S.K.: 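So that we are looking at the same thing, I have put the structure below in structure tokens.
All of these numbers come straight from a predicted model, not from anything done at the bench. Per chain, numbering begins at 1; letters A, B, ... match sequence-line order.
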There are 4 protein chains.
Amino acid sequence: MSQDDQIMSISAAELKQYIERAENLEEEKATILEHIKEVFAEAKARGFDVKVMKQLMKIRKMKKEDLVLQEELLELYRRALNEG
Amino acid sequence: MSQDDQIMSISAAELKQYIERAENLEEEKATILEHIKEVFAEAKARGFDVKVMKQLMKIRKMKKEDLVLQEELLELYRRALNEG
Amino acid sequence: MSQDDQIMSISAAELKQYIERAENLEEEKATILEHIKEVFAEAKARGFDVKVMKQLMKIRKMKKEDLVLQEELLELYRRALNEG
Amino acid sequence: MSQDDQIMSISAAELKQYIERAENLEEEKATILEHIKEVFAEAKARGFDVKVMKQLMKIRKMKKEDLVLQEELLELYRRALNEG
DNA sequence: CGCTTAATATAGCCAC
DNA sequence: GTGGCTATATTAAGCG
């Protein structure tokens, strides 16, 4: 086996590691997506309107992100005052 | 508290449960996505071509899906024969 | 007629052209979809299982896409080697 | 070759015909979709807002369908009067 | 008619 | 920073 071959097979093995890690994570993601679907299906079966639920979640998410933005803004102000 | 109020608050509580379950799963999903990004970033830092990696993963995924489709087809045939 | 009006009417006319082109294509698409339906209806009337047919078509399509992906991957490798 | 084999191969050939007809139509459909994309891309390059265009097209389509419905309704009235 | 699957529209992301 | 591309969300259709 030449040195190049060794390097190649090391690279290939390393590449394989990365790809498999990514693929495993993709599978986990798929599982999560399944679970999310199940939650909505269950809620629907209990008579809730899934569309409305998703809308609610969007709004809640925006509010959260908004809070984060506000906090970042406060932090900026703080720094500006300390450095000013 | 009227009976309607009770029903309403039960429904509201139940709805909240569903939404929170969904939101928690969404957070898990976001975490997974972070991890996937990290894997690719690390591979890139080690000199691998991310575009090639993703292409490889696509092909591997497609092969898997193909197997699933083939099995589904066999199942369809089986049913067709049983019912024929 | 002011210059703005001229510009506006030019834009409006141009926009109309684009929309009509798109709409004509949409109609052609609708016609094609009709024809596809007819083929399946005819096959069904001749005793074929439409579900099986569609499954077969899916597999055939996936095989084709796989070939395309493989070729794209080869191209990616080629470029990587040239640039390496 | 048994009679069954003959029947099978006739069926298989016929099935192939149907599948190929469907696949050809699918290809035509794909071509049309490409063209539609091109129209929107061109319009976008000329400065038009594709989202707005699509909205306009939706409205125009609804108006058309509305007209058809109105005409069908008129036809119903006509028949009712003639027969009444 | 509802429910599952396919088509389309939108949005987020990445590379240039 | 923009444009292309992929992933997701929404909508429509086909099927039982």
S.K.: Run the salt bridge (Lys or Arg N to Asp or Glu O under 4.0 Å) test against A/Glu75 and tell me which residues pass, sequence neighbours left out.
M.R.: A/Arg78, A/Arg79
S.K.: Output all residues satisfying side-chain hydrogen bond (donor to acceptor under 3.5 Å, both in side chains) with C/Lys16, sequence neighbours left out; order by chain, then residue number.
M.R.: C/Glu20
S.K.: Could you list where the contact with chain D starts and ends along DNA chain E, reading 5' to 3', using a 4.0 Å heavy-atom cut-off?
M.R.: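 Reading along DNA chain E, I get E/dA7 to E/dA11.
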S.K.: For Watson-Crick and G-U wobble pairs within 3.5 Å on both distances, what is DNA chain E written in dot-bracket notation, | included for inter-strand pairing?
M.R.: ||||||||||||||||
S.K.: When the distance from CD1 of A/Ile36 to P of F/dT10 is rounded to whole Å, what number comes out?
M.R.: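 A/Ile36 atom CD1 is separated from F/dT10 atom P by 13 Å.
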S.K.: Kindly say whether B/Leu69 contributes a backbone atom to a donor-acceptor pair with the side chain of C/Gln55 at under 3.5 angstrom?
M.R.: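 Yes.
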S.K.: Please, which pairs that meet ring pair (Phe, Tyr, Trp, His ring centres under 6.0 Å) have at least one residue in residues 60-79 of chain B, sequence neighbours excluded?
M.R.: none
S.K.: Which residues satisfy the ring-ring contact (aromatic ring centres under 6.0 Å, His included) test with A/Phe40, sequence neighbours excluded?
M.R.: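 With neighbours one apart ignored, the set is empty.
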S.K.: Can you list every pair that meets salt bridge (Lys or Arg N to Asp or Glu O under 4.0 Å) and has a residue in residues 1-11 of chain B, with sequence neighbours left out?
M.R.: none
S.K.: Considering only heavy atoms, which members of residues 41-58 of chain D lie under 4.0 Å from some atom of DNA chain E?
M.R.: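 Output list: D/Lys51, D/Lys54.
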S.K.: With sequence neighbours left out, what residues match B/Glu65 under salt bridge (Lys or Arg N to Asp or Glu O under 4.0 Å)?
M.R.: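 Listed in chain order: nothing, the list is empty.
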S.K.: So which pairs with a foot in residues 51-62 of chain A pass salt bridge (Lys or Arg N to Asp or Glu O under 4.0 Å), sequence neighbours left out?
M.R.: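 Qualifying pairs: A/Arg60-B/Glu23.
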S.K.: Under 4.0 Å, heavy atoms only, any strand: does D/Lys37 hit a base, just the sugar-phosphate, or nothing?
M.R.: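 The residue D/Lys37 makes no contact with any strand.
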S.K.: Round to a whole Å and report the spacing from CD of C/Glu65 to P of F/dT6.
M.R.: 12 Å
S.K.: With sequence neighbours excluded, what pairs up with B/Glu28 under the salt bridge (Lys or Arg N to Asp or Glu O under 4.0 Å) test?
M.R.: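 Result, salt bridge (Lys or Arg N to Asp or Glu O under 4.0 Å) vs B/Glu28: none returned.
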S.K.: Can you list every salt bridge (Lys or Arg N to Asp or Glu O under 4.0 Å) pair that touches residues 31-44 of chain B, not counting sequence neighbours?
M.R.: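 Sorted pair list: A/Arg21-B/Glu42.
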S.K.: Under 4.0 Å, heavy atoms only, any strand: does C/Lys29 hit a base, just the sugar-phosphate, or nothing?
M.R.: sugar-phosphate
